Amino acid sequence: MVRIPRLVVAAAASSAGKTTIATGLMAALRGAGHEVAGFKVGPDFIDPGYHALSTGRPGRNLDPVLTSEALVSDLFLHGVGTPTPADVAIVEGVMGLFDGQLASGGFGSTAHVARLIDAPVLLVVDAAGSSRTAAAAALGLRGFDPTVRIAGVVVNRVASTRHAAELASVFEGAGVPVLGMVPRNAGVSAPSRHLGLVPAAERRESAAMIDALAAHVAAHVDLDGVLGLAATASDLAGEAWRPSSVVTPVAGRPLVGVMAGRAFTFRYAETTELLEAAGCRVVEIDPLRDTALPTGIAGLYVGGGFPEVHAVELSRNAGLRGAIAEAVADGLPTVAECAGQLYLGEHLDGHPMVGALAAGARMTPRLTLGYRSAEAPADTLLAAAGTTVRGHEFHRTRTEPGHGAPAWMWDGRPEGFTGPNLHSSYLHVHWAGHPACAQRFADAAARFATAGTGARPPRPESTVDGIDLHHHGDHDLGPGLVDLAVNVQPGPPGWLAEVIGRSDLARYPDAAAAREAIADSHGVHPTMVLPTAGGAEGFALIARTLTASHPLVVHPQFTEPEAALRAAGHAVQRWLLPVAAGESADPAGPPLGDLPAWADALFVGNPTNPTGWLHRRDHLLDAGRGRLLVIDEAFMDATDESQSLIAPSMRDRLVLRSLSKTWGLPGLRVGYVVGDPALIARLAEAQPSWPVSAPAAAAMVATSAASALAEAAARYREVAADRVHLVAALAAAGFPSVPGTAPFVLVDTTSCGPTSVRPALARAGFAVRRGESFPGLGPTWVRVKVPAPAVADAFVAALAGLRVR
């Protein structure tokens with residue numbers, strides 16, 4: 001049994017002044033020479049920050065939903081005794097006294113916690129706008145549940161002496177002690193914003209505010225009476241929770257960094273204590289100040305907070321962002337919760353972030369709030385497959401895409417991102433309730449520290465966030481398979497093969513005629529055209545000559561543009577568009593949205609590979625206004641040429657075309673760039689001598705003729721009809737696809753399970769393009785070349801046979 005004076009500060013509803021009174025009491029009692037332990041009911045991170053500032057010791061949470069009923073009193077006793085024994089404990093409630101998890105009979109409410117720690121309740125009565133009615137409501141609470149002992153009241157926001165006397169007379173008549181009449185004082189309240197109070201750590205004036213609050217409460221509340229009420233609590237049974245009893249120390253004392261400072265203030269105190277008990281050395285990292293990771297770091301924990309408020313400062317710290325991205329890619333065990341996920345993404349409200357996740361985030365007006373029961377769908381950094389946890393979600397942001405390989409499943413949907421060394425999610429998990437999470441993380445940190453930097457294999461230059469940017473459809477082929485992976489016609493028609501065969505190989509090539517023919521076919525001046533050795537050379541030339549500092553690539557799309565930019569040393573940022581399948585989705589794709597102003601070069605595919613979206617011409621022009629606009633139109637001749645951005649005037653605009661797809665010439669490398677003459681001249685200067693072979697130049701001339709263009713248009717009309725057939729067959733079999741106009745279809749195979757169907761389809765004789773090699777897509781997406789109807793039917797039948805029954 002433990003003797004500890006304690007009380008719970010509660011109210012009839014939120015905004016009655018619980019935080020003001022509870023925090024003021026903590027600070028005032030400390031000022032009077034007491035060692036005070038502060039607690040908060042529920043998952044709140046912000047109020048404990050003020051408690052910590054008021055008491056000089058960690059603020060802690062008591063939440064039976066996130067931990068368990070049995071753990072609440074143990075965690076309370078741990079907080080009372082750590083780091084030194086306290087002589088009084090103040091517990092701030094949450095919402096109204098009896099408000100807990102919905103549809104649970106008040107589970108997790110302030111009243112529930114008061115019963116679990118057998119503490120009297122000090123009720124804060126909000127007197128603003130009423131007098132006797134406020135007292136009546138408070139007395140009604142006392143009778144609602146006799147097992148909860150409301151032992152006294154503090155009346156808050158009293159307007160006058162007469163107002164106070166009226167309220168006091170009611171409580172005196174009911175036999176309820178009034179321990180304070182606290183007048184209104186706007187000078188001692190903390191400011192609020194979109195998720196509640198502004199965290200204490202973010203306000204330089206917080207210490208002065210706490211001092212003022214302590215003086216205000218001490219002047220109007222009977223502190224001796226409060227201590228006397230707290231002393232009426234009976235001895236508490238149980239033993240203090242010990243982190244060392246639920247985790248096992250790892251070898252080597254690996255160094256684990258935890259994000260802190262003004263941007264990352266959300267972290268349960270027990271998280272650090274568990275890591276230390278598991279043998280880790282824990283060091284705080286402030287991303288608003290620190291420009292590098294600590295030497296020898298073996299693990300990284302990025303908790304919650306308000307990175308959206310500090311997005312500009314976080315983005316400016318490019319040194320730390322780059323160090324984290326490289327460390328995560330090199331295998332550093334990394335855990336991110338909520339705000340941590342925003343920071344590890346590619347951008348937040350348009351500001352570049354770490355880029356360790358192929359996702360971006362933005363603020364929204366919608367509040368997402370509530371407890372979640374989550375399950376690990378597979379073995380992850382934090383949990384074994386099938387492990388269930390109780391967590392809490394609390395944010396106003398949206399991450400797109402919402403998940404990769406999911407960290408958790410809840411309410412039947414995947415959430416978050418995982419990799420061999422990464423666990424990222426919106427879910428806040430109290431590790432005291434799930435200590436195995438801390439143990440697995442510590443184990444991973446120890447393995448990483450033991451392996452050493454030299455033991456980690458170098459990653460390919462083209463691999464970013466686990467995606468090989470040089471992976472293309474031909475890599476998904478196999479002997480004897482029906483090729484639905486490569487979007488190329490089976491070969492050049494006979495007449496084109498003859499033209500190519502007659503080209504003069506005994507002389508150095510001259511692409512002048514090709515330039516003239518291409519310009520004539522598009523109605524532009526020849527100075528606006530540059531023949532290239534395929535689209536890939538065009539992207540490489542643009543990357544090597546790019547003067548823009550902040551290129552932005554819209555994904556999912558063909559990865560070669562990003563690969564070329566990265567190879568040229570550019571710091572590429574991604575803008576991920578959400579991908580939706582089914583008839584209700586727009587074949588023009590989702591709106592490009594409010595693209596960030598800092599992006600001075602924009603790269604977009606149109607129609608986009610692999611989605612098949614055909615963005616509207618005017619939308620692309622609007623998106624590109626004021627910056628370099630680079631459009632990949634490799635498949636435009638297969639769709640609607642009216643949406644092409646090729647025009648007689650193309651200031652700050654470049655469009656890339658390829659002849660490989662339409663004419664079956666990937667081995668010849670034939671393509672061209674059309675655009676701003678000044679930009680074209682710069683690209684030409686960067687080209688090597690004779691970049692386009694004589695056969696390629698001959699093919700460019702021949703395929704620019706009106707008869708050739710008419711032939712291609714007729715062929716693509718047949719492909720369009722075949723596409724309709726394929727999409728209908730897929731829909732009939734229960735496979736939604738992304739609406740589009742390209743000669744390929746992006747198919748959602750989620751109904752076949754969480755892993756890729758490619759191996760099983762290969763066993764059935766079909767090769768398809770994997771989806772997970774495109775940023776923003778996962779393994780349940782496949783891209784399929786539009787085949788003849790008979791082949792389409794056979795393919796759909798094979799796919800349907802893989803559905804999970």
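What you see is a predicted model; the values in this text were computed from it and never measured.
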All side-chain contact (heavy atoms from CB on, under 4.5 Å) counterparts of [X], not counting sequence neighbours:
X: Ala323; result: Leu293
X: Asp476; result: His471, Ala485, Arg758, Arg769, Arg770
X: Ala684; result: Leu530
X: Arg502; result: Glu498, Val499

Quiz item: What residues form a salt bridge (charged side-chain N to carboxylate O under 4.0 Å, His left out) with Arg669, not counting sequence neighbours?
Solution: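 Salt bridge (charged side-chain N to carboxylate O under 4.0 Å, His left out) check on Arg669 returns nothing, list empty.
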Considering residues at least two apart in sequence or located in another chain, which fulfil the side-chain hydrogen bond (donor to acceptor under 3.5 Å, both in side chains) criterion with [X]?
X: Glu633; result: Ser644, Arg657
X: Glu537; result: Gln687
X: Asp349; result: none

To the nearest 0.5 Å, what is the distance between [atom1] ([X]) and [atom2] ([Y])?
X: Ile500; Y: Trp663; atom1: CD1; atom2: CH2; result: 10.5 Å
X: Leu726; Y: Lys785; atom1: CG; atom2: NZ; result: 12.5 Å
X: Arg321; Y: Leu344; atom1: CZ; atom2: CG; result: 12.0 Å
X: Thr755; Y: Glu772; atom1: OG1; atom2: CD; result: 10.0 Å
X: Phe795; Y: Leu484; atom1: CZ; atom2: CG; result: 6.0 Å

Quiz prompt | ring pair (Phe, Tyr, Trp, His ring centres under 6.0 Å) involving Trp781 - partner list, sequence neighbours excluded | solution =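 None.
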Quiz item: Are any side-chain N or O atoms of Ser658 and backbone N or O atoms of Gly671, one a donor and one an acceptor, separated by less than 3.5 Å?
Solution: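 Pair absent, no side-chain N/O of Ser658 close to backbone of Gly671.
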Exercise. Output yes when a side-chain donor or acceptor of Thr545 lies under 3.5 Å from a complementary backbone atom of Leu541, and no otherwise.
Key: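 Yes: the side chain of Thr545 pairs with the backbone of Leu541.
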Practice problem: If a pair satisfies side chain to side chain donor-acceptor pair (under 3.5 Å) and one of its residues is in residues 607-626, list it, with sequence neighbours excluded. | Solution: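 The answer is Thr608-His615, Asn609-Arg783, Arg616-Asp618, Asp622-Arg625.
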Self-check item: Pairs where residues 520-529 contributes a residue and the test side chain to side chain donor-acceptor pair (under 3.5 Å) is met, not counting sequence neighbours
Solution: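 Output for this query lists His522-Tyr672, His525-Thr527.
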Quiz item: With sequence neighbours left out, which residue pairs that include part of residues 528-562 fulfil the ring pair (Phe, Tyr, Trp, His ring centres under 6.0 Å) condition?
Solution: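 Every pair satisfying ring pair (Phe, Tyr, Trp, His ring centres under 6.0 Å) with a residue in residues 528-562: His472-Phe558.
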Exercise. Taking the side chain as every heavy atom from C-beta outward, state whether Ile646 and Glu641 have any atom pair closer than 4.5 Å.
Key: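 With C-beta onward as the side chain, the pair stays apart.
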Quiz prompt | Side-chain heavy atoms of His347 within contact of Pro596, under 4.5 Å | solution =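 His347 does not reach Pro596 side chain to side chain.
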